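Worksheet: the structure to be examined is printed underneath.
Here the structure is a predicted model, which means the values were calculated and not measured. Just so it is clear: chains get the letters A, B, ... in the order the sequence lines come, proteins before strands, and each one is counted from 1. Side-chain atoms are counted along with the backbone in the values below, which use heavy atoms only and exclude waters and symmetry mates.
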2 protein chains.
Amino acid sequence: MSQEQPDGEDLDFWSFIDYAIERTVRQLPEVDPLAMRLVFTLHRAANMIVYDLESSVHRPRGWSWAGFRVLFVIWLAGPLEAKRVAELSGMSRAAVSALVATLEREGLVTKRRDPRDRRAVLLGLTGHGTQAIAEAFQVHNAREQAWAATLDEDERATLISLLEKLTSHSVRIDARHRL
Amino acid sequence: MSQEQPDGEDLDFWSFIDYAIERTVRQLPEVDPLAMRLVFTLHRAANMIVYDLESSVHRPRGWSWAGFRVLFVIWLAGPLEAKRVAELSGMSRAAVSALVATLEREGLVTKRRDPRDRRAVLLGLTGHGTQAIAEAFQVHNAREQAWAATLDEDERATLISLLEKLTSHSVRIDARHRL
DNA sequence: ATCAATTAATCAAACCTTTGATTAATGGCA
DNA sequence: TGCCATTAATCAAAGGTTTGATTAATTGAT
């Protein structure tokens, strides 16, 4: 038992993936351990970075990660239809709608009906919103730089390139995406 | 205007990042475009894959992505303290607590007080839960393989290695993490 | 010109996540 | 032994996300 089945209680955040792969492959031989490790590690990395950025930069400003993403899109590309904001931030229209209600309440975002299409809502930033996102983004990017500094310049470029390859081929496997 | 400031309304999911970097660097010269692109692309990739896996594999089974992650941890390492489940799945104890309430209601997970430490709750899978996660994981991994097939074997190994380097050095920048 | 199909935003309901607080249990130190 | 600090799970409150439904507006075909 002690050699055959290592006690799950001894596992920690870092050791889990190796254990998981070993156990899974043993139980389900047709499982692809490399694919498993790839998705697990990618999800882990993104989660860790997002949690760090959100808790160190955005929450202290009263924002959420999602709120920051919407503010960022509107800052750069606004005023913009809510539908487009949803697309550019990778969220659903319903999520943007609920989120914008919060951001509007906080005096960061403005909403008005698009005169050219009465179905559509145009989202813009208030003066305060513009100032706040410009400031926050600098702090955010400084933190991004701290993370990116873990890799050298070549590694960064490689990582980006591989991730871009991964995402751009999503159409090939008909990946589900938000509407 | 037409050359100087491309209309935000022409942007789509794929073109946004280039536009965002160009615009940001122009407004805030000290911004590091590579770090920006790295974090953006990583978050995008993880988001796309998770959304695809969740909507194609887990939601049809009545599960959420988070539910799947908890079931997976308990399947492999359980029975296990809730605290440990939280650590291995990268969630907070409060999140696991709320999630397990749902999974227990669905007859997938069992909870009992740990006789050795009355504060702790031991989480295990029901027979049905065990069967369900084993089946779901095979479908899940097949989908993971579809994603991973976008890259060749060497690229996969490189990507994993870079992501692992990125995450393991989180301690170096004192990254915030869940308690 | 009319109608049906499509589109945009929001709603409803359920679930997931966060922080800090709460309650109960444990461990270590004096 | 007793007390205090720490620990574990849950609670409370607020907010974020999903799907399908709803309401209103637009578009395209006849």
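- Of all the residues in residues 42-51 of chain A, not one reaches under 4.0 Å from DNA chain D with any non-hydrogen atom.
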Using atom names, set out every protein N or O paired with an N or O of nucleotides 12-15 of chain C below 3.5 Å, distance rounded to 0.1 Å.
residue, atom, partner, partner atom, Å
C:dC15, OP1, B:Arg105, NH2, 3.2
C:dC15, OP2, B:Arg105, NH2, 3.4

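- Counting only residues at least two apart or on different chains, the side chain to side chain donor-acceptor pair (under 3.5 Å) pairs with a member in residues 120-139 of chain A are A:Arg61-A:Glu135.
- Using a 4.0 Å heavy-atom distance criterion, B:Ala98 is classed as a base contact.
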Under-3.5 Å N/O pairs linking protein and nucleotides 24-28 of chain D:
residue, atom, partner, partner atom, Å
D:dT26, OP1, A:Arg118, N, 2.8

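- An angle of 10°, rounded to 10°, separates the two end axes of the helix from C:dA1-D:dT30 to C:dA30-D:dT1, each defined over five pairs.
- The residue B:Ala95 sits close to a base: some heavy atom pair falls under 4.0 Å.
- Annotation: side chain of B:Ile17 is in contact with side chain of B:Arg37 (closest heavy-atom distance under 4.5 Å).
- Of the side-chain N and O atoms in A:Arg178, one or more sit less than 4.0 angstrom from OP1 or OP2 of D:dT18.
- When rounded to the nearest whole Å, the span between CZ of B:Arg93 and C1' of D:dT6 equals 11 Å.
- Using a 4.5 Å cut-off between side-chain heavy atoms of Ile, Leu, Val, Met, Phe, Trp and Tyr, A:Leu122 forms no hydrophobic cluster with any other residue.
- In this view, A:Ser161 satisfies the side chain to side chain contact (heavy atoms under 4.5 Å, CB included) rule with no residue, not counting sequence neighbours.
- Among the nucleotides D:dA9, C:dA9, C:dT10, the one closest to any side-chain atom of A:Ser97 is C:dT10.
- B:Arg172 and B:His169 form a side-chain donor-acceptor contact under 3.5 Å, judged by distance and modelled atom types alone.
- Take A:Arg176 and apply the side chain to side chain contact (heavy atoms under 4.5 Å, CB included) test, not counting sequence neighbours, and it matches B:Tyr51, B:Asp52, B:Ser55, B:Ser56.
- A:Arg119 meets the salt bridge (Lys or Arg N to Asp or Glu O under 4.0 Å) test with A:Asp117; sequence neighbours excluded.
- Remark: B:Arg84 is not positioned above the aromatic ring of A:Phe16, lacking an NZ or CZ atom under 6.0 angstrom from the ring centre and at most 45 degrees off the axis.
- Put simply, B:Lys111 has a side-chain N or O that comes within less than 4.0 Å of OP1 or OP2 on D:dT10.
- Among residue pairs with one or both ends in residues 89-103 of chain B, none qualify as side chain to side chain donor-acceptor pair (under 3.5 Å); sequence neighbours excluded.
- Distances shorter than 4.0 Å separate some side-chain N or O of B:Ser92 from OP1 or OP2 on C:dT18.
- Within 6.0 Å of the CD atom in B:Glu153, the count of heavy atoms belonging to other residues, nucleotides or ligands does not exceed 12.
- By the side chain to side chain contact (heavy atoms under 4.5 Å, CB included) test, A:Val31 is found to be paired with A:Thr24, A:Leu28, A:Met36, B:Phe137, B:Asn141, residues two or more places apart in sequence or in another chain being considered.
- Atom-to-atom, CZ of B:Arg113 to C1' of C:dA25 comes out at 9 Å; the value is rounded to the nearest Å.
- Counting side-chain heavy-atom gaps under 4.5 Å among Ile, Leu, Val, Met, Phe, Trp and Tyr, the cluster of B:Val57 also holds B:Val139.
- Cation-pi geometry between A:Arg44 and A:Phe13 is satisfied (NZ or CZ under 6.0 Å from the ring centre, within 45° of the ring normal).
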